[in-house]
Structure formats: structure tokens, C-alpha cells
Q: 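Take a look at this one; I'll ask things after.
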There are 2 protein chains.
Amino acid sequence: MKSVQEKRVFQIENRLKKQGCSMTNQRRLIIDEIMRNGSHFDIESLMAAIRMREPKTARATVYRTVKILADAGMIKKEILGDTHSHYEIAGRDHGHFICTLCGRIIELGCPTLTGFLASAAESHNFTVDRHSIELFGRCGECERKRGMEEAA
Amino acid sequence: MKSVQEKRVFQIENRLKKQGCSMTNQRRLIIDEIMRNGSHFDIESLMAAIRMREPKTARATVYRTVKILADAGMIKKEILGDTHSHYEIAGRDHGHFICTLCGRIIELGCPTLTGFLASAAESHNFTVDRHSIELFGRCGECERKRGMEEAA
DNA sequence: TTCCTTGCAAACACTTTGCAAGGCC
DNA sequence: GGCCTTGCAAAGTGTTTGCAAGGAA
């Protein structure tokens with residue numbers, strides 16, 4: 001019985017093959033590792049996870065593979081204002097909330113977003129192809145912890 | 001009679017002095033140049049403008065001064081996903097629309113934004129301190145030009 | 001005169017590229 | 001076997017830092 005993850009990896013491999021990319025061990029490994037770690041990742045942690053399984057994998061290979069996946073539209077570069085790049089598995093439109101205390105990233109899929117995009121585009125007369133919406137602040141849990149610490 | 005720009009530069013200088021920063025020629029020059037060029041700028045064009053007036057100004061000085069202004073809250077770093085940093089003169093909350101054809105940056109100050117922020121924060125139970133909202137696409141003018149070119 | 005600021009060059013962090021060796025099909 | 005991919009090291013970018021000399025107060 002195949003897991004959801006295995007199916008996803010398999011699909012991605014097939015799509016890449018159809019585009020004329022050969023499937024090598026490192027590529028399989030990198031794709032598998034990306035799919036394993038939830039929907040968001042950065043190069044640094046991806047590298048670490050990959051080196052764990054295949055220590056002599058070169059940084060360049062990881063960067064190149066990630067670029068191929070991004071060009072093929074399977075992952076998307078995210079702009080989080082950090083010095084290093086973040087990526088996520090491509091999916092529907094959404095924004096992010098990033099907790100500046102615990103680093104957690106929460107997806108905003110709420111319908112308000114769609115409404116906001118439409119009304120902004122209309123009132124300024126432009127066509128929106130792509131967006132990057134990031135809200136920074138404190139998640140409920142961290143906010144609560146902070147309150148407790150201050151009370152103490 | 002002083003121009004609006006001169007007044008703004010003067011105010012900023014005063015605020016910096018109160019914070020214990022001495023006002024040097026380069027700092028005055030850099031602040032003046034930032035204020036002159038509309039509300040958005042990046043280091044590269046700022047450098048170019050400054051070198052025009054004071055050719056031996058060091059990159060490091062510009063970076064350092066910009067950092068001071070940002071720490072003092074007078075300008076804000078913007079996250080546009082480009083490789084290099086963008087800044088803008090601090091003001092009220094807003095988002096940006098960036099035309100990917102002509103590079104123009106248009107501010108979104110529309111009330112929908114405020115509504116969106118509030119509803120997103122509420123429905124996900126977090127506190128928003130700061131946001132970065134960027135929409136990428138084509139402005140009305142470029143969209144029209146493109147239509148004409150395709151018709152031809 | 002005392003401390004802060006500057007210019008320069010070197011260091012940095014992240015990413016990309018050139019090239020010979022190796023692996024896929 | 002031919003071509004694509006890899007690893008390595010070197011080059012690139014944008015930014016920051018250490019330090020001696022110069023300038024503000």
C-alpha cells in the first residue's frame with residue numbers, strides 16, 4: 001500500500017520525465033525529502049536532511065534541482081524577507097502568517113484574500129498575475145506564553 | 001521659501017541629532033537624495049545618485065546610513081523578492097502593486113487592505129505586527145500596450 | 001581632544017557557473 | 001555511446017565588518 005507521499009513523489013517524477021529530465025538518485029532523493037517535510041522548506045534544512053542520507057551530495061546539485069522543480073512549476077519560491085530562500089510545494093493561492101517568536105508558518109487560505117485581490121486589482125486598474133502576502137506577528141500560543149511571562 | 005523636501009530633510013536631521021547621531025556631509029547628502037527620489041528606492045540607484053554628487057562616497061557608508069535610518073524607523077525595508085533590497089520612506093500601512101513589465105511600483109492604500117488584515121488576524125487567532133503585501137502583474141498602461149502589440 | 005564617521009579592502013552568506021568525471025537511457 | 005547530471009572549486013552578488021585616517025563637537 002502506497003502512502004500519499006509516495007504517490008506524490010511518483011507523480012512528480014513522471015511529470016519531470018515527460019519534460020525530458022532524467023531521474024537520477026539525487027533527484028529522487030531531493031524530491032522525496034522536499035515532499036516529506038510538510039509544505040514549506042528552505043535550502044539549508046533541505047541540505048541537512050539530504051546530507052543525512054547521502055553525505056556527499058553537492059550544494060550545487062540541490063540548488064539546481066530546486067531550480068528545475070521551480071521552473072517546472074512544482075514548487076514556488078517564497079519571499080519571506082529572510083536572507084535565504086524559502087520554497088513551498090505549489091498549490092492554490094494563499095498568503096502566509098509568520099510568527100516572529102516561534103517561526104511557525106501558517107497558511108492563510110481564507111476567502112477574504114480572494115476578495116481583497118479582486119477589489120485591489122479593480123480599483124487600481126491592473127491585472128494581478130502573482131502575489132506575495134506575508135503577515136508577521138505572534139501566533140495565539142506565543143501571545144499567550146508572553147502574557148504569562150509578563151505576569152510572572 | 002523652503003520646499004516641502006527641504007523641510008522633510010530638516011526634520012529628519014533633527015530627529016537624528018536628538019538620537020545622538022552627528023550630522024556629517026555624507027549623511028546629509030544621503031538623506032537628501034533619499035527624500036528627493038519619491039518614496040521608494042533601492043541601494044543601487046541611491047548609490048548612483050550619490051556618486052554623481054560625491055564620487056568617492058563608499059558603499060559601506062551608504063549601507064550604514066540606510067541602516068541607521070531604518071533602525072530609527074524613518075525608512076522601512078521592503079521585501080520585493082528581488083535579489084537586492086528595496087526601501088521606502090516610512091508612512092502609513094499599505095501594500096504594493098509592482099508592474100512586471102515597466103517596473104512601476106504603485107501603493108495600495110485601499111481600505112480593503114485594512115479589512116483584510118483584520119479578518120485574517122481574527123480568523124486565525126494571531127496578532128499582526130507588520131505585513132508585506134505585494135501584488136505582481138501588469139499595470140493598465142502596459143496591459144493596453146501589450147494588447148496593441150499583439151493585434152499588430 | 002575625544003569620540004564618531006569615513007573609505008578602503010577584506011570578509012561574509014547565499015547562490016551560480018565551468019569543467020572534468022561519472023551515471024542514465 | 002551520447003548526452004545529461006554530478007561534485008568540486010571557483011566566481012558572483014549583495015551586504016557587513018575591521019581598521020587606520022579624517023572630521024564633528
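Letters go in sequence order (proteins before strands), and every chain restarts at 1. Side chains included, hydrogens not; waters and symmetry mates left out as well; all remaining heavy atoms used.
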Q: Establish whether B:Ile105 and B:Ile133 are linked, either directly or via other cluster members, by ILVMFWY side-chain heavy-atom contacts under 4.5 Å.
A: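 The answer is no; the residues belong to distinct hydrophobic clusters.
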
Q: Whole angstrom is fine here: how far is it from CE in A:Met47 over to P in D:dT6?
A: 13 Å

Q: Not counting sequence neighbours, which residues clear side-chain contact (heavy atoms from CB on, under 4.5 Å) with A:Ser39? List them please.
A: A:Glu107

Q: Find the bend of the helix from C:dT1-D:dA25 to C:dC25-D:dG1 as the angle between its two terminal axes (five pairs each), to the nearest 10°.
A: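 Roughly 30°, once rounded to the nearest ten degrees.
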
Q: Between B:Val128 and A:Ile106, is there shared hydrophobic-cluster membership here, with clusters defined by ILVMFWY side-chain heavy atoms closer than 4.5 Å?
A: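 Same hydrophobic cluster.
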
Q: Can you check the A:Glu54 CD to D:dC8 C1' distance for me, whole Å?
A: 16 Å

Q: Using a 4.0 Å heavy-atom cut-off to protein, can you give one letter per nucleotide of nucleotides 14-25 of chain C, 5' to 3': B if the base is in contact, S if only the sugar-phosphate is, - if neither?
A: SBBBB-----SS

Q: Please set out all donor-acceptor pairs under 3.5 angstrom arising from side-chain atoms of residues 46-56 of chain A, sequence neighbours excluded.
A:
{"residue": "A:Arg51", "atom": "NE", "partner": "A:Pro55", "partner atom": "O", "Å": "3.1"}
{"residue": "A:Arg51", "atom": "NE", "partner": "A:Thr57", "partner atom": "O", "Å": "3.0"}
{"residue": "A:Arg51", "atom": "NH2", "partner": "A:Thr57", "partner atom": "O", "Å": "2.9"}
{"residue": "A:Arg53", "atom": "NH1", "partner": "A:Asp32", "partner atom": "OD2", "Å": "3.1"}
{"residue": "A:Arg53", "atom": "NH1", "partner": "A:Glu33", "partner atom": "OE1", "Å": "2.5"}
{"residue": "A:Arg53", "atom": "NH2", "partner": "A:Asp32", "partner atom": "OD2", "Å": "3.3"}

Q: Would you kindly give the NZ-to-P distance between B:Lys56 and C:dG7, to the nearest whole Å?
A: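 Computing the B:Lys56:NZ to C:dG7:P distance gives 6 Å.
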
Q: Can you see if the side chain of B:Gln26 gets near the phosphate of C:dG7 - specifically, an N or O under 4.0 Å from OP1 or OP2?
A: yes

Q: Decide whether B:Ile43 and B:Met35 are clustered together by the hydrophobic rule: side chain heavy atoms of Ile, Leu, Val, Met, Phe, Trp, Tyr closer than 4.5 Å, transitively.
A: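 Yes; B:Met35 is reachable from B:Ile43 via cluster members.
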
Q: Would you check if A:Arg27 and A:Ile68 make a side-chain contact, meaning some heavy-atom pair closer than 4.5 Å?
A: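 Yes, close enough: below the 4.5 Å cut-off.
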
Q: Give every donor-acceptor pair under 3.5 Å between a side-chain atom in residues 96-103 of chain A and any protein atom, sequence neighbours left out.
A:
{"residue": "A:His96", "atom": "ND1", "partner": "A:Glu78", "partner atom": "OE1", "Å": "3.4"}
{"residue": "A:His96", "atom": "ND1", "partner": "A:Glu134", "partner atom": "OE1", "Å": "3.1"}
{"residue": "A:His96", "atom": "NE2", "partner": "A:Glu88", "partner atom": "OE1", "Å": "2.9"}
{"residue": "A:His96", "atom": "NE2", "partner": "A:His94", "partner atom": "NE2", "Å": "3.3"}
{"residue": "A:Thr100", "atom": "OG1", "partner": "A:Gly137", "partner atom": "O", "Å": "3.1"}

Q: Checking B:Thr127 now: which residues fulfil side-chain contact (heavy atoms from CB on, under 4.5 Å) with it, not counting sequence neighbours?
A: A:Arg138, A:Glu143

Q: In whole angstrom, give the distance that lies between atom CG of B:Leu69 and atom P of C:dT5.
A: 12 Å

